[in-house]
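So the structure is just underneath, and the comments pick up after that.
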Amino acid sequence: MTLLEKAPVKGSLYNLWRITLLTNPDACNLHCALCFLRQRGRSYGKGEMPWKVAEETVRKYAACGIREVIPSTMGEPLLYSEFENLERLVQELGLKLNVTTNGSFPLKGALLWAKELLPISNDIKVSCWGFGQKTWDALCPGMNWNVYIQNLKTLANVRRELAQNSVEPLSKLTIQMAVCQRNRGDVDRVIELAAELGFDRVKLNRAVFLSGSEALQKKEQLSKDDFLDVSLYKQMPLKIEGTFLFPATEAPPFKKCPFLGKELWILPDGSTEPCPDPENRFRDHDSGKDRCEFCHLFPKKSFSPVEN
Ligand code: SF4
Ligand code: SF4
């Protein structure tokens with residue numbers, strides 16, 4: 001029996017709490033070295049999600065009880081041409097956004113985006129490639145470190161200002177980092193930066209490498225000894241989470257895939273995927289095979305035992 005077949009809520013829409021819309025997977029203003037599309041060597045090729053698809057999808061799953069909508073986690077979501085429509089729709093339906101942005105805050109700048117997003121989001125995750133221009137030049141060329149830091153400060157400051165007059169909870173703020181060899185040495189300073197700015201969480205994921213990216217993987221993959229001993233950060237006034245906290249050879253602190261049956265990914269044409277695993281997303285599926293066999297997020301051996 002496959003992991004998918006073991007899903008406790010297989011086939012039920014009513015256990016979903018969140019959907020991710022791949023609104024604009026090929027539209028981004030940055031060129032990160034570890035970007036999945038760069039690893040793949042070509043675009044995703046499915047275009048931008050038409051508003052009709054986005055609206056019908058959000059209304060359908062809102063009726064089933066979802067609480068959050070994530071706009072594209074491939075591509076930069078703030079470049080979605082229908083983003084303002086999406087903001088209006090989630091407010092109309094009483095949902096929240098959960099946004100992962102690359103930190104450049106394109107089109108409107110950090111101040112306007114902060115004012116728009118903070119009241120209507122549950123979490124704003126800002127991607128981080130390291131501490132200082134040198135690491136960013138290697139992993140995300142084109143982003144100015146000082147501008148990036150200023151954007152983070154703006155986000156935190158606007159939240160403080162809005163909080164003075166807001167009765168509704170404002171969005172949590174997270175710094176999210178894909179950790180690899182190049183930026184491993186920056187992790188401490190990124191955690192300190194997040195705490196200093198008043199962010200709520202640092203999410204540290206180990207960098208993921210697609211099949212065919214062996215040269216990059218050889219250069220950047222962490223060894224077993226590189227992982228973070230989170231007990232050293234107990235005094236920090238923020239949460240530290242993510243797959244970087246446990247080596248690939250050790251079981252994560254859950255026994256089933258955390259996505260399966262609880263979330264759903266919607267492609268630009270409205271079709272769905274049960275999880276965000278990038279290897280499966282780009283693979284030509286053989287219907288006879290279990291997608292979890294190919295998983296690059298949680299190797300099957302990570303779940304022990306899957307029955308629990
Ligand atoms: S910001 Fe995201 S989508 Fe854009 S290049 Fe970087 S990894 Fe890729
Ligand atoms: S994330 Fe991995 S383990 Fe979970 S359903 Fe997808 S392929 Fe399977």
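Read the numbers this way: they start at 1 and go in the same order the structure lists the ligands and their atoms. Please read all numbers here as calculations on a predicted model, not as lab measurements.
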| query | Taking the side chain as C-beta and beyond, is there a heavy-atom pair between N183 and W136 under 4.5 Å? | reply |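 No, side chains not in contact.
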Give a yes or no on whether [X] and [Y] share a hydrophobic cluster (residues Ile, Leu, Val, Met, Phe, Trp, Tyr; joining criterion: side-chain heavy atoms under 4.5 Å apart).
X: L97; Y: I124; result: yes
X: W265; Y: L210; result: yes
X: I175; Y: V147; result: no

| With distance as the sole criterion, is a donor-acceptor pair present between the side chains of N29 and E76 under 3.5 Å? | no
Atoms of ligand 2 less than 4.0 Å from [X] heavy atoms?
X: C295; result: 1 (S), 2 (Fe), 3 (S), 7 (S)
X: N280; result: 7 (S)
X: L260; result: 5 (S)

| field | Heteroatom test (N, O or S) for C257 near atom 4 (Fe) of ligand 2, limit 2.8 Å | value | yes
| message | When you measure from atom 6 (Fe) of ligand 2 to the N, O or S atoms of C275, does any of those distances fall below 2.8 Å? | response |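 Given the 2.8 Å cut-off, C275 counts as a ligand of atom 6 (Fe) of ligand 2.
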| query | What about W129 and Y148, are their ring centers closer than 6.0 Å? | reply |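 No: the rings miss the under 6.0 Å criterion.
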| request: Check the pair F282, Y44 against ring-ring contact (aromatic ring centres under 6.0 Å, His included), reporting the backbone distance first and the verdict last. | output: CA-CA 8 Å; F282 301 134; Y44 191 41; 5.8 Å; yes
| said: Restricting to side chain to side chain contact (heavy atoms under 4.5 Å, CB included), what partner residues turn up for E55, sequence neighbours left out? | reply: W51, R59, L89
| said: Tell me which residues fall inside the under-4.0 Å heavy-atom shell around ligand 1. | reply: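 Answer by chain and number: C28, L30, H31, C32, C35, G75, N102.
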